[in-house]
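Structure first, commentary second.
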Amino acid sequence: MTAGLKTIIYPVKDVARAKAVFSALLQTEPYADEAYYVGFKDAGQDVGLDPNGHARGMTGPVPYWHVDDIRARLAALLDAGAELLQDVTDVGGGKLIASVKDPDGNLIGITQDS
């Protein structure tokens with residue numbers, strides 16, 4: 001079981017321009033503003049901008065499913081035929097992420113909070 005979709009990450013080429021656009025859309029400033037990631041929180045959602053996303057195979061926004069056991073869920077996805085894109089990675093503060101590609105080429109992200 002998941003806790004649902006609460007995070008979406010957009011790959012961006014120009015993080016400054018993307019930050020301006022999302023600040024205007026969400027009418028808020030980012031809670032995280034680093035060269036490698038800009039994050040916003042709005043209406044219970046986490047919206048991230050990743051300037052390295054394209055290099056990691058992101059072709060568009062990737063939804064992240066919140067799970068209790070990321071390693072078990074990743075193993076289940078791989079056993080079901082998904083292709084690993086990013087193994088479990090700690091992105092700070094104990095937050096873990098991973099991503100796969102389903103057989104149709106759709107990207108699926110999973111995340112686990114500490």
Exercise. Restricting to pairs with a member in residues 33-73, which pass ring pair (Phe, Tyr, Trp, His ring centres under 6.0 Å), not counting sequence neighbours?
Worked result: none
For this session: Any chance you could measure Ile8, atom CD1, to Leu49, atom CG, to the nearest 0.5 Å?
Result: 11.0 Å
Exercise. Do Ile9 and Val91 belong together in a cluster built from hydrophobic side chains that touch within less than 4.5 Å?
Worked result: yes
For this session: Looking only at non-hydrogen atoms, find the nearest pair between Met58 and Asp50 and report the distance.
Result: SD-OD2, 4.2 Å
For this session: Tell me, with the steps shown, if Leu85 and Arg56 meet side chain to side chain contact (heavy atoms under 4.5 Å, CB included).
Result: CA-CA 8 Å; Leu85 290 178; Arg56 286 198 315 270; over 6 Å; no
For this session: Output every pair passing salt bridge (Lys or Arg N to Asp or Glu O under 4.0 Å) with a member in residues 8-22, not counting sequence neighbours, ordered by first then second residue.
Result: Lys19-Asp33
Problem set entry | Residue list, salt bridge (charged side-chain N to carboxylate O under 4.0 Å, His left out) with Arg71, at least two apart or on another chain | none
For this session: For Asp90 and Gly93, work out which heavy atoms get closest and say how close.
Result: OD1-N, 4.2 Å
Problem set entry | Crowding at CG, Asn106 (>12 non-hydrogen neighbours, <6.0 Å) | yes
For this session: For residues Leu107 and Gly57, report the shortest heavy-atom separation together with the two atoms involved.
Result: CD1-O, 3.7 Å
Exercise. To the nearest 0.5 Å, how far apart are CG in Leu26 and NZ in Lys41?
Worked result: 12.0 Å
Problem set entry | Contacts of type salt bridge (charged side-chain N to carboxylate O under 4.0 Å, His left out), residue Lys6, not counting sequence neighbours | none
Seminar exercise, completed: Heavy-atom nearest pair, Pro51 first then Ala35, reads CG-O, 3.2 Å
Problem set entry | Within residues 92-114 or reaching into it, pairs that qualify as ring pair (Phe, Tyr, Trp, His ring centres under 6.0 Å) - sequence neighbours excluded | none
For this session: Measure across Pro61 and Pro11 and return the closest heavy-atom pair with its distance rounded to 0.1 Å.
Result: N-CD, 4.0 Å
For this session: Kindly compute the distance separating CG (Asp42) from CG (Leu25), expressed to the nearest 0.5 Å.
Result: 7.5 Å
Seminar exercise, completed: Shortest non-hydrogen pair, Val67 vs Ile70, comes out as CG2-CA, 3.7 Å
Seminar exercise, completed: Here the gap from Thr111 atom OG1 to Leu96 atom CG, rounded to the nearest 0.5 Å, amounts to 7.0 Å
Problem set entry | Linked, directly or transitively: Ile97 and Leu84 (ILVMFWY side chains, under 4.5 Å) | no
Exercise. Who passes side chain to side chain contact (heavy atoms under 4.5 Å, CB included) against Val100, sequence neighbours left out?
Worked result: Leu74, Leu77, Leu78, Ala82, Ile108
For this session: Verify the cluster assignment for Val47 and Val12: are they in a single hydrophobic cluster under the rule of side-chain heavy atoms below 4.5 Å apart?
Result: yes
